[in-house]
Q: 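Structure below; questions to follow.
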Amino acid sequence: MRIDYPNDEPVFDGAQMVVRFSVSVDGVPLACAVTAEALEDHFGASSPLPEHILAAYHEGIERIRSVCTRAIEANDGAAVVLRSGLFRMEAT
């Protein structure tokens with residue numbers, strides 16, 4: 001399974017409190033997300049304000065993509081929402 005991350009800008013979804021980002025799995029686009037809670041817990045977002053959440057996303061993009069890749073592989077190529085617990089498990 002080939003997983004790529006296009007250079008599309010992530011989007012803060014305030015209604016769902018997630019940052020949505022694009023992923024391509026074997027050429028098929030997926031919409032994945034990471035929760036604001038995860039960005040606060042693990043990437044230093046100082047508040048749930050969009051500018052803080054997006055800054056934390058950009059700071060942690062390598063780790064976010066690494067965890068996302070493993071989650072997509074475990075999910076047979078389906079879209080995922082990365083929650084705080086996934087990052088806790090990944091750190092152990």
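Positions are given from 1 along the sequence. Note that the structure is a prediction, hence the values are computed from the model and not measured.
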Q: Indicate, with yes or no, if V28 and V80 share a hydrophobic cluster defined by side-chain heavy-atom contacts under 4.5 Å among Ile, Leu, Val, Met, Phe, Trp and Tyr.
A: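 No, it is not one cluster - the side chains of V80 and V28 are not joined through contacts under 4.5 Å.
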
Q: Under the side chain to side chain contact (heavy atoms under 4.5 Å, CB included) test, which residues partner V81, sequence neighbours left out?
A: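 For V81, the residues satisfying side chain to side chain contact (heavy atoms under 4.5 Å, CB included) (neighbours in sequence not counted) are A33, T35, R83.
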
Q: What pair of heavy atoms forms the shortest contact from C68 to V23, and how long is it?
A: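 That closest heavy-atom pairing would be SG-CG2, 4.3 Å.
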
Q: Minimum heavy-atom separation for A38 and F43, please, with both atom names.
A: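 Smallest heavy-atom distance, with atoms named: O-CD1, 3.7 Å.
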
Q: For P48, what residues pass the side chain to side chain contact (heavy atoms under 4.5 Å, CB included) criterion, not counting sequence neighbours?
A: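 Partners of P48 under the side chain to side chain contact (heavy atoms under 4.5 Å, CB included) test: M17, E40.
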
Q: For the residue pair H42 and F87, does the interplanar ring angle fall in the parallel (under 30°), tilted (30 to 60°) or perpendicular (over 60°) class?
A: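 Ring orientation of H42 relative to F87: tilted.
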
Q: Taking everything shown except E59 itself, do over 12 heavy atoms lie less than 6.0 Å from its CD?
A: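 No, not enclosed.
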
Q: For D76, is the CG atom crowded, meaning more than 12 foreign heavy atoms sit under 6.0 Å from it?
A: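 Atom CG in D76 is not crowded, with 12 or fewer foreign heavy atoms closer than 6.0 Å.
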
Q: Mind checking side chain to side chain contact (heavy atoms under 4.5 Å, CB included) for S47 and listing every partner two or more places apart, or none if nothing turns up?
A: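 S47 satisfies side chain to side chain contact (heavy atoms under 4.5 Å, CB included) with L49, H52 only.
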
Q: Measure from the side-chain N and O atoms of Y5 to the backbone N and O of R65, and report whether any donor-acceptor pair falls under 3.5 Å.
A: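 Yes; at least one donor-acceptor contact below 3.5 Å.
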
Q: How would you list, by chain and number, every residue that makes a side chain to side chain donor-acceptor pair (under 3.5 Å) with R70, sequence neighbours excluded?
A: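 Checked R70 against side chain to side chain donor-acceptor pair (under 3.5 Å); matches are S66, E90.
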
Q: Which atom pair, heavy atoms only, marks the closest approach of M1 to I72?
A: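 Where M1 meets I72 most closely, the heavy atoms are SD-CG2, 4.1 Å.
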
Q: Give the cluster check for F12 versus V18: same hydrophobic cluster or not, with ILVMFWY residues linked at side-chain heavy-atom distances below 4.5 Å.
A: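 As far as the 4.5 Å side-chain criterion goes, V18 and F12 are not connected within one cluster.
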
Q: Shortest non-hydrogen contact from L82 to A71?
A: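 Answer, listing the atom of L82 first, then A71: CD2-CB, 4.1 Å.
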
Q: Can you list everything that forms a salt bridge (charged side-chain N to carboxylate O under 4.0 Å, His left out) with D13? Sequence neighbours excluded, please.
A: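 Applying salt bridge (charged side-chain N to carboxylate O under 4.0 Å, His left out) to D13 gives R20.
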
Q: Over all heavy atoms of both residues, which pair between P10 and V19 is shortest? Give the atoms and the distance, please.
A: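 Taking every non-hydrogen atom into account, CB-CG1, 3.5 Å.
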
Q: Check side chain to side chain donor-acceptor pair (under 3.5 Å) between N75 and all other residues, then give those that pass, not counting sequence neighbours.
A: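 Side chain to side chain donor-acceptor pair (under 3.5 Å) check on N75 returns nothing, list empty.
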
Q: For the residue pair D8 and S22, what are the closest heavy atoms and their distance?
A: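 Taking every non-hydrogen atom into account, OD2-OG, 3.1 Å.
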
Q: Starting from the C-alpha separation in whole Å, work towards a yes-or-no answer on side chain to side chain contact (heavy atoms under 4.5 Å, CB included) for L39 and I64.
A: CA-CA 9 Å; L39 292 165; I64 291 165; 3.8 Å; yes

